[in-house]
Amino acid sequence: MVKSAKTPRVMIVLGSSSDLPVIEGCKSLLERFGISYGVEVASAHRQPAKLHRILNKCDKNGTQVYIAVAGMAAHLPGVMASLTDKPVIGVPVAAGALAGVDALLSIAQMPGGVPVATVAIGSSGGKNAAVLSARIFALSDKKIEAALVEYRKYLAKGGK
Ligand code: RP5
């Protein structure tokens, strides 16, 4: 399930289709900034071979940033970071008895050398994953840099 481009600049991978609501704002913001993205569901625990295939294909085809979304024992972002040298942004999902604190700690507490940029639990984190991606691209892309300036003005006026 890849949206908007054959080789998207950002690949969003979810641990489960039940995580999909968390990336609604993320997708909207990536569209606002003109950043192509794809969406895949691949559980690090239940579908490790599929996850490896996705990472290999995206890395070969030029995807530049990964957003990894998972709840509970959220190993997905860390496993992805172990398979690529591209930036991985981890979004913890509030699922199960611990309401996302489990996923937050699991995603943030990576061993030295295998970083995952961890954002907030849930939809706010999803949005920030999109903005952080845009900030990475804006380092070398004037159009995205300008879109971020506009977005900041929008926030200052009370936009969400
Ligand atoms: C995680 O377990 C997923 O990322 C999801 O947040 C959670 C529950 O998954 P399902 O049981 O709904 O598939 O791996």
Side-chain angles (χ1 to χ4, degrees), residues 1-137 151 155 160:
M1 170 167 55
V2 172
K3 192 182 177 296
S4 73
K6 259 200 164 157
T7 303
R9 294 185 86 178
V10 171
M11 178 55 75
I12 305 169
V13 184
L14 306 140
S16 168
S17 57
S18 65
D19 299 327
L20 275 166
V22 169
I23 59 161
E24 283 311 308
C26 177
K27 291 192 295 182
S28 301
L29 282 171
L30 290 172
E31 283 161 25
R32 179 187 187 116
F33 299 135
I35 298 170
S36 62
Y37 66 89
V39 181
E40 293 279 1
V41 177
S43 165
H45 304 121
R46 294 180 281 214
Q47 300 164 301
K50 180 181 179 186
L51 181 61
H52 283 225
R53 276 198 305 276
I54 291 168
L55 262 287
N56 285 338
K57 189 169 165 214
C58 287
D59 257 17
K60 207 166 74 189
N61 291 346
T63 292
Q64 293 161 297
V65 170
Y66 293 95
I67 296 175
V69 183
M72 298 174 72
H75 296 121
L76 177 72
V79 170
M80 288 172 60
S82 78
L83 295 170
T84 182
D85 291 315
K86 303 293 186 317
V88 176
I89 302 168
V91 183
V93 175
L98 301 184
V101 175
D102 42 3
L104 175 66
L105 297 178
S106 173
I107 293 172
Q109 287 295 95
M110 287 296 293
V114 192
V116 172
T118 309
V119 292
I121 299 169
S123 300
S124 297
K127 284 184 177 178
N128 278 345
V131 178
L132 185 53
S133 304
R135 288 182 176 199
I136 292 168
F137 293 130
Y151 178 63
L155 290 180
K160 298 243 173 179

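Start at 1 and go down the list; that is how both ligands and their atoms are numbered. Reckoned from all heavy atoms, side chains included, excluding hydrogens, waters and symmetry mates.
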Nitrogen or oxygen of V69 less than 3.5 angstrom from that of ligand 1
no
Got an N/O contact under 3.5 Å between S43 and ligand 1?
no
Contact between I136 and Q64 at the side-chain level, heavy atoms closer than 4.5 Å - yes or no?
no
Would you check if L30 and I12 make a side-chain contact, meaning some heavy-atom pair closer than 4.5 Å?
yes
Tell me which protein heavy atom sits closest to [atom], plus the residue, atom name and distance to 0.1 Å.
atom: atom 5 (C) of ligand 1; result: D19 OD1, 3.3 Å
atom: atom 10 (P) of ligand 1; result: S16 OG, 3.4 Å
atom: atom 1 (C) of ligand 1; result: G71 O, 3.3 Å
atom: atom 12 (O) of ligand 1; result: S18 OG, 2.7 Å

In this structure, OG of S43 is separated from CG of L51 (nearest 0.5 Å) by 8.5 Å
I need the I54 CD1 to M80 CE distance, nearest 0.5 Å.
8.0 Å
Winner among M72, H45, H75, R46 once heavy atoms are compared against atom 11 (O) of ligand 1:
R46
Please test T63 against K86 for side chain to side chain contact (heavy atoms under 4.5 Å, CB included), starting from the C-alpha separation and ending with a verdict.
CA-CA 8 Å; T63 292; K86 303 293 186 317; over 6 Å; no
Taking only non-hydrogen atoms of A70 and a 4.0 Å limit, the atoms of ligand 1 in range are 4 (O)
With heavy-atom distances below 4.0 Å as the criterion, list the atoms of ligand 1 near A95.
6 (O)
Begin with the C-alpha distance, continue with both residues' side-chain angles, and end with the deciding distance and a verdict on side chain to side chain contact (heavy atoms under 4.5 Å, CB included) for R46 and S16.
CA-CA 10 Å; R46 294 180 281 214; S16 168; 4.2 Å; yes
Is NZ or CZ of R32 both nearer than 6.0 Å to the six-membered ring centre of Y151 and within 45° of the ring axis?
no
